[in-house]
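To start, the structure itself, in structure tokens.
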Amino acid sequence: MNPPKTDARRHHDPEVRGFASDNYAGAHPEVLAALALANGGHQVSYGEDAYTDNLQSVVRSHFGPTAEAFPVFNGTGANVVALQAVTDRWGAVICAESAHINVDECGAPERVGGLKLLTVPTPDGKLTPELIDRQAYGWDDEHRAMPQVVSIAQATELGTVYTPEEIHALCEHAHAHGMKVHLDGSRLANAAATLDVPMRTLSNAAGVDILSLGGTKNGALFGEAVVVINQDGVRHMKHLRKLSMQLASKMRFVSVQFEALLARDLWLRNARHSNEMAQRLAEGVRSVHGVEILYPVQANAVFARLPHDVSERLQKRFRFYFWDEAAGVVRWMCAFDTTEDDVDAFVAALKEEMAR
């Protein structure tokens with residue numbers, strides 16, 4: 001019997017791109033080059049390597065002198081670890097009903113983190129001080145999980161973006177109630193690019209205590225990071241990361257990717273490009289009769305409503321997901337490698353299917 005072949009071979013067409021998720025994109029060439037640079041030889045494991053050490057100074061340049069980065073494997077892990085770090089066993093987290101931690105993490109905050117999520121309906125995915133107050137009560141009631149954290153996403157699950165002033169107001173309001181603020185920043189780079197501000201303006205400068213920093217959606221191969229800003233308000237991060245199965249043995253390969261993204265401007269270039277492609281897509285879609293864009297296009301997502309049968313036919317030509325299938329709502333995502341030709345071809349296909 002011949003031994004099985006073990007040579008690597010390509011199993012997909014690298015010219016095919018869709019609009020399903022920015023997670024569908026590969027790794028940016030500069031990130032791959034950084035991974036190759038970090039490879040070879042031995043480095044101390046579990047975060048005691050030179051790359052993770054250097055990452056701390058890079059992160060502080062973006063998030064202030066108190067910031068400390070804890071690389072993890074994925075976004076759900078980052079959120080669960082971060083939220084555990086700022087809550088007690090009886091603690092609860094106030095978040096938007098549409099928040100990723102509520103609808104897209106398979107109950108991990110509850111099952112793994114042991115947290116109660118106190119959700120609030122929002123028209124655009126964004127919390128306000130008034131909306132927070134719908135759940136911010138009962139701290140002395142032992143029958144109710146204690147609100148201890150407000151979690152916001154920047155950009156939100158609906159593609160909308162908080163202004164620096166809005167985040168500052170939320171943080172002031174939460175802190176006045178003795179609560180901390182967690183920022184789910186899986187697309188923080190896109191929000192910063194849209195607003196043309198540094199990431200610190202939307203985080204430490206606004207009063208955020210802890211954040212989950214995205215890498216995968218912005219050109220990394222894998223890996224996210226928890227960034228602790230309020231050192232006095234966060235406890236036992238190293239132990240929580242290990243307990244939550246998010247401690248990478250070869251951490252240098254996570255850290256060097258963030259170094260590649262953050263040390264210069266790659267994070268911003270990638271985010272600006274994906275945002276620009278979403279704007280190009282939205283402009284093209286607006287000219288198509290019968291298609292309705294539902295939310296402001298402020299990052300790299302476009303949410304639209306169109307006839308269900310049109311979406312099904314279009315999905316056979318380009319990958320994308322229904323957001324609310326019963327309502328005919330779809331989500332189209334752009335990535336750092338989305339091209340103008342990709343967008344124009346999609347808009348042309350949409351027009352063809354709408355005309356059938």
Side-chain angles (χ1 to χ4, degrees), residues 63-64 66-67 75-76 78-105 107-110 113-141 144-158 160-188 191 199-214 226-235 237 240:
F63 300 104
T66 65
T76 296
N79 287 335
V80 171
V81 170
L83 291 172
Q84 286 182 95
V86 286
T87 51
D88 295 307
R89 288 287 302 277
W90 49 88
V93 179
I94 299 174
C95 64
E97 191 173 72
S98 59
H100 196 276
I101 58 173
N102 184 48
V103 299
D104 280 308
E105 295 190 344
E110 296 96 336
L115 299 165
K116 174 70 174 177
L117 299 182
L118 303 174
T119 64
V120 182
T122 65
D124 57 1
K126 294 163 62 174
L127 291 175
T128 64
E130 293 75 23
L131 290 174
I132 288 171
D133 283 344
R134 294 187 184 182
Q135 293 285 10
Y137 64 89
W139 287 278
D140 293 325
D141 182 357
R144 186 174 193 263
M146 181 186 292
Q148 292 186 316
V149 183
V150 173
S151 180
I152 62 174
Q154 178 75 317
T156 73
E157 281 296 284
L158 301 181
T160 52
V161 168
Y162 289 93
T163 66
E165 294 76 19
E166 287 171 331
I167 297 178
H168 180 73
L170 286 172
C171 290
E172 278 201 334
H173 192 72
H175 292 158
H177 285 296
M179 297 185 292
K180 297 182 177 64
V181 176
H182 164 255
L183 190 150
D184 181 347
S186 64
R187 296 187 179 95
L188 178 58
M199 287 188 287
R200 69 175 66 89
T201 304
L202 304 172
S203 53
N204 56 301
V208 169
D209 297 288
I210 192 167
L211 66 96
S212 305
L213 180 62
V226 176
V227 178
V228 175
I229 297 172
N230 177 7
Q231 295 289 341
D232 294 332
V234 175
R235 296 165 293 175
M237 265 298 305
L240 283 170

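Hydrogens, waters and symmetry mates are skipped; everything else that's a heavy atom, side chains included, is used. Position 1 is the first residue of the sequence; numbering continues from there. Since this is a predicted model, take the numbers as computed values, not measurements.
Remark: Lys180 does not engage Asp232 in a salt bridge, criterion side-chain N to carboxylate O under 4.0 Å.
Residue Leu118 comes nearest to Pro147 through the heavy atom pair CD1-CG, 4.0 Å, listed as atom of the first residue, atom of the second, then distance. Taking both residues in full, the closest heavy atoms of Pro129 and Ala169 are given as CG-O, 4.2 Å, listed atom of the first, atom of the second, then distance. Counting all heavy atoms, side chain and backbone alike, Lys126 lies closest to Leu131 at O-CD1, 3.6 Å. For the residue pair Asn79 and Glu105, the shortest heavy atom distance occurs at ND2-OE2, 2.9 Å. Between Leu240 and Ala85, the shortest heavy-atom contact is CD1-CA, 3.4 Å. Across all their heavy atoms, Leu183 and Leu202 have their closest contact at CD1-O, 3.3 Å.
Residues Leu213 and Leu188 form a side-chain contact, since some pair of their non-hydrogen atoms from C-beta on lies under 4.5 Å apart. Using a 4.5 Å cut-off on side-chain heavy atoms (C-beta onward), Val86 and Gln148 make no contact. In this structure, Thr156 and Asp124 have side chains that are not in contact, with every pair of non-hydrogen atoms separated by 4.5 Å or more. Using a 4.5 Å heavy-atom cutoff, the side chains of Glu110 and Leu115 are not in contact. No side-chain heavy atom of Thr66 sits under 4.5 Å from any side-chain heavy atom of Asn230. Side-chain atoms of Leu117 and Gln135, non-hydrogen and from C-beta on, never get closer than 4.5 Å to each other. Here the side chains of Cys171 and Val208 are in contact, with some heavy-atom distance below 4.5 Å. Looking at heavy atoms from C-beta onward, Ile210 lies in side-chain contact with Val226 at the 4.5 angstrom threshold.
Note that CG of Asp209 and NE2 of His182 are 10.5 Å apart. Values are rounded to the nearest 0.5 Å. Here the straight-line distance linking atom OG1 of Thr128 with atom CD of Glu166 works out to 9.0 Å at 0.5 Å rounding. The CD atom of Glu165 sits 9.5 Å away from atom OG1 of Thr201, with the distance rounded to the nearest 0.5 Å. Summarising the geometry, atom CG belonging to Leu170 is positioned 11.0 Å from atom OG belonging to Ser151; distances are rounded to the nearest 0.5 Å. To the nearest 0.5 Å, atom CG of residue Asp184 and atom OG1 of residue Thr76 are 9.0 Å apart. Rounding to the nearest 0.5 Å gives a distance of 6.5 Å between CD1 of Ile132 and CD1 of Ile94.
Residues satisfying the ring-ring contact (aromatic ring centres under 6.0 Å, His included) criterion with His177, sequence neighbours excluded, are Trp139, His173.
The backbone N or O of Gly125 sits nowhere less than 3.5 Å from a side-chain atom of Glu157 that would complete a donor-acceptor pair. At distances below 3.5 Å, not a single donor-acceptor pair connects side-chain atoms of Lys116 with backbone N or O atoms of Trp90. When atom types are taken as modelled, the side chain of Arg235 and the backbone of Thr87 share a donor-acceptor pair closer than 3.5 angstrom. With hydrogens and angles disregarded, no donor-acceptor distance shorter than 3.5 Å links the side chain of Glu172 to the backbone of His168. The backbone N or O of Met199 lies less than 3.5 Å from a partner atom in the side chain of Ser203, making a donor-acceptor pair.
Within a 6.0 Å radius of CG in Asp141, more than 12 heavy atoms belonging to other residues, nucleotides or ligands are found.
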